[in-house]
2 protein chains.
Amino acid sequence: MADIIPNISIDVALFGFKGIKLEVLLIKRDKKPEMDQWSLPGGYVYMDESIKDAAKRRLKELTGITKLYLSQIALFGDTNRYPTRRLVSVLFCALIKPEQFKLIAGSDAKDVEWFKVSELGKLPFDHNEMINTAMLWFKNEIWREPIFINLLPQKFPLNQMQNLFTQFLGEAIDNRNFRKKVISQELVEKLNEKTKGGQQRPAFLYKLKRTI
Amino acid sequence: MADIIPNISIDVALFGFKGIKLEVLLIKRDKKPEMDQWSLPGGYVYMDESIKDAAKRRLKELTGITKLYLSQIALFGDTNRYPTRRLVSVLFCALIKPEQFKLIAGSDAKDVEWFKVSELGKLPFDHNEMINTAMLWFKNEIWREPIFINLLPQKFPLNQMQNLFTQFLGEAIDNRNFRKKVISQELVEKLNEKTKGGQQRPAFLYKLKRTI
DNA sequence: CCAAAAGTGTTCAGCATACACCCATGC
DNA sequence: GCATGGGTGTATGCTGAACACTTTTGG
């Protein structure tokens, strides 16, 4: 069980949403190369473990969560993507509700934290490209399989959902059309509750009718 | 240049079309395991070569063709997919016009031949699953990016094109709707030529207006 | 009463689907 | 003349896109 595949790694882009800006989980590296830099959490694959199982394991180590939507997005195989040796990496993405778990900085991380996707600086290796690839992938999937709904809390106003969609699509959405669409597709169900404590008119809360 | 990445391979599903049935290229293995079995052509990745370059190189070795649409489809990473050691394989697909080149059985193949996709038997390893995955991928892509048009010869009657689409989609297509669609999307252009030598009414030939 | 966000309907165009018959040729 | 595949048009419904104003609350 201790043996790892020497030239393959996995990286996990874990997205979360707390109502305003889409965020991605980064760890502060506690090993070389790129010691102390913030980067996507990665990991190796054991010899007797499938690639996907390695990603699941890594995700569990980070969040404690086991049952989760996890999708293989792309393969990064350029010769020079990793400085010290030839390493091919498989990118996985997952979407979580940050409220549901507590971050755990594993043995190879000094720290772990959420960063707003729109405010990221330069990350080590090809990790910026990985995040861009993931965002593009979500953008293409967004109406085919609205998996991003896993990011939303149990109850939420529709404007929050629309805000989330907007960030994936990278462009404005007409709110009337948006409401019609999510209701006609039976993605959401209206509740008899409203938001409280805002400075403006309270909004009805909705819950998801589907899970993926 | 001689060193290879020990736990990664690529496999190439090369599709061709001669007017009737969709075909896939298989080689007769000249090495263990599965000696003498027909299987997808595969190969290893050199240490100083990107994954995609390895696929391109392998394709060139098989067909002599260098400029070609080549797409990474999926990763096969189960622990037991290869009998003698842990091997993760990246599946690539390409679509070619069989008329344009001559098959070359490489050093690790006793023979190389086209097989009708609909008539394949059990292949070694997970190669049946690979072909199914590729077919499904094409089915999903078929109208978004009609790459399969690379399979068609320079000039072809529309019924041949429709036949090809039908095989990818796995269901019948209404011929009036099909014609309207490919013409309105400007995929094809009508020529002033007709088929000859058939037993029935000659058909107008078309050529592609787009390449991908 | 004012600022701020919530909420609501209609129209239009384009596209996918369904559907059945006549045409041109070789034999 | 008949068998075989080639070729054509219309009507309908759905979906996505565009578009502006009224409502409700807190301060």
Side-chain angles (χ1 to χ4, degrees), chain A residues 17-21 139-146 148 152-153 155-207 210, chain B residues 17-21 139-146 152-153 155-207 209-210:
Chain A
F17 183 65
K18 299 170 193 160
I20 310 291
K21 291 277 199 171
K139 181 177 174 179
N140 287 329
E141 289 292 310
I142 201 165
W143 287 114
R144 294 207 299 174
E145 273 298 350
F148 41 81
L152 292 165
K155 303 172 182 179
F156 52 89
L158 281 192
N159 286 337
Q160 195 176 109
M161 184 176 180
Q162 184 181 339
N163 171 19
L164 178 61
F165 274 58
T166 303
Q167 292 184 56
F168 277 119
L169 291 173
E171 59 190 14
I173 308 173
D174 181 278
N175 69 333
R176 284 165 289 192
N177 293 336
F178 179 79
R179 281 159 188 264
K180 264 180 297 180
K181 189 160 178 174
V182 295
I183 292 166
S184 74
Q185 294 196 357
E186 301 200 318
L187 288 179
V188 296
E189 186 179 336
K190 195 174 189 173
L191 301 174
N192 260 331
E193 282 182 80
K194 293 190 175 192
T195 53
K196 288 177 224 164
Q199 307 305 96
Q200 306 84 18
R201 174 176 176 179
F204 274 101
L205 292 171
Y206 287 74
K207 68 168 186 169
R210 294 170 55 189
Chain B
F17 183 66
K18 298 169 194 161
I20 310 293
K21 290 277 199 171
K139 182 176 173 180
N140 287 329
E141 290 292 310
I142 199 164
W143 287 113
R144 294 208 296 174
E145 273 299 349
L152 292 165
K155 303 172 183 180
F156 52 89
L158 280 192
N159 286 336
Q160 197 177 105
M161 184 174 179
Q162 184 181 339
N163 171 19
L164 177 60
F165 273 56
T166 303
Q167 291 184 57
F168 277 118
L169 291 174
E171 58 190 15
I173 308 174
D174 180 278
N175 69 333
R176 283 165 291 190
N177 295 335
F178 179 80
R179 282 159 186 264
K180 263 180 298 180
K181 188 159 177 173
V182 295
I183 291 166
S184 73
Q185 295 196 355
E186 302 201 316
L187 287 179
V188 296
E189 184 179 337
K190 196 174 187 172
L191 300 174
N192 261 332
E193 285 182 78
K194 294 190 173 191
T195 53
K196 289 176 221 165
Q199 309 303 99
Q200 307 84 20
R201 173 179 177 178
F204 275 100
L205 293 172
Y206 288 74
K207 68 167 186 169
K209 287 186 77 169
R210 294 170 55 187

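Residue numbers start from 1 in every chain, and the chains themselves are labelled A, B, ... in the order their sequence lines are given, proteins ahead of strands. All heavy atoms count here, side chains included; hydrogens, waters and symmetry mates do not. Keep in mind the model is a prediction, meaning the values are calculated, not measured.
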Asker: Expressed in angstrom and rounded to an integer, what is the separation of B/Arg176 atom CZ from C/dA16 atom P?
Answerer: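 Result: 16 Å.
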Asker: Around atom CG of A/Leu169, are there more than 12 heavy atoms from other residues, nucleotides or ligands closer than 6.0 Å?
Answerer: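 Enclosed.
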Asker: With a cut-off of less than 4.0 Å, is there a side-chain N or O of A/Lys181 near OP1 or OP2 of D/dT15?
Answerer: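 Looking at the OP1 and OP2 atoms of D/dT15, neither is under 4.0 Å from any side-chain N or O of A/Lys181.
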Asker: A/Gln200 CD to C/dC2 P: how many Å, rounded?
Answerer: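 One finds 18 Å between P of C/dC2 and CD of A/Gln200, rounded.
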Asker: Round to a whole Å and report the spacing from CD1 of B/Ile183 to C1' of C/dC15.
Answerer: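 Value for this atom pair: 16 Å.
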Asker: For the pair made of CH2 in A/Trp143 and C1' in D/dT15, what is the distance, rounded to whole Å?
Answerer: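 After rounding, the gap between these two atoms is 12 Å.
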Asker: Send over the distance from B/Met161 CE to D/dG5 P, rounded to a whole Å.
Answerer: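 Atom-to-atom, B/Met161 to D/dG5, this comes out as 21 Å.
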Asker: D/dG5 P sits how many Å from B/Leu158 CG, rounded?
Answerer: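 Checked: the CG to P distance equals 17 Å.
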Asker: Return no unless some side-chain N or O of A/Gln199 is found under 4.0 Å from OP1 or OP2 of D/dG27.
Answerer: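 So the side chain of A/Gln199 is within the cut-off, an N or O lying under 4.0 Å from OP1 or OP2 of D/dG27.
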Asker: Kindly say whether, by distance alone, the side chain of A/Asn177 makes a donor-acceptor pair under 3.5 Å with the base of D/dA18?
Answerer: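 Indeed, a donor on one side and an acceptor on the other fall under 3.5 Å apart.
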Asker: When you match A/Asn175 and B/Asp174 each to their closest nucleotide on DNA chain C, which lands nearer the 5' end?
Answerer: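 Between the two, 5'-proximity favours A/Asn175.
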Asker: Is the ring centre of A/Phe168 less than 6.0 Å from the ring centre of A/Trp143?
Answerer: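 So the answer is no for these two rings.
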Asker: Classify the side chain of A/Lys194 and the base of D/dT24 as holding, or not holding, a donor-acceptor pair under 3.5 Å.
Answerer: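 No.
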Asker: So, OP1 or OP2 of D/dG7: does either fall under 4.0 Å of a side-chain N or O from B/Arg179?
Answerer: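 So the side chain of B/Arg179 is within the cut-off, an N or O lying under 4.0 Å from OP1 or OP2 of D/dG7.
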Asker: With a 3.5 Å cut-off and heavy atoms only, can you find an N or O donor on one side and an acceptor on the other between the side chain of A/Arg201 and the base of C/dA6?
Answerer: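 Indeed there is one.
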Asker: Are the side chains of A/Val188 and A/Phe156 in touch, meaning some heavy atoms are under 4.5 Å apart?
Answerer: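 They are in contact (side-chain heavy atoms under 4.5 Å apart), so the answer is yes.
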Asker: Kindly say whether, by distance alone, the side chain of B/Lys180 makes a donor-acceptor pair under 3.5 Å with the base of D/dT10?
Answerer: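 Checked by distance alone, the answer is yes.
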Asker: Mind checking whether B/Gln185 and B/Pro146 have side chains closer than 4.5 Å, heavy atoms only?
Answerer: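 Of all side-chain heavy-atom pairs linking B/Pro146 with B/Gln185, none is under 4.5 Å.
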Asker: Do A/Leu164 and A/Met161 make a side-chain contact, defined as non-hydrogen atoms from C-beta onward lying under 4.5 Å apart?
Answerer: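 No, their side chains stay 4.5 Å or more apart.
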Asker: Considering every strand and a 4.0 Å limit on heavy-atom distances, what is the contact class for A/Lys190: base, sugar-phosphate, or nothing?
Answerer: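 Counting heavy atoms under 4.0 Å across all strands, the contact made by A/Lys190 is with sugar-phosphate only.
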Asker: Is there a donor on the side chain of A/Asn159 or the base of C/dA5 sitting less than 3.5 Å from an acceptor on the other?
Answerer: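 A donor-acceptor contact between them is absent.
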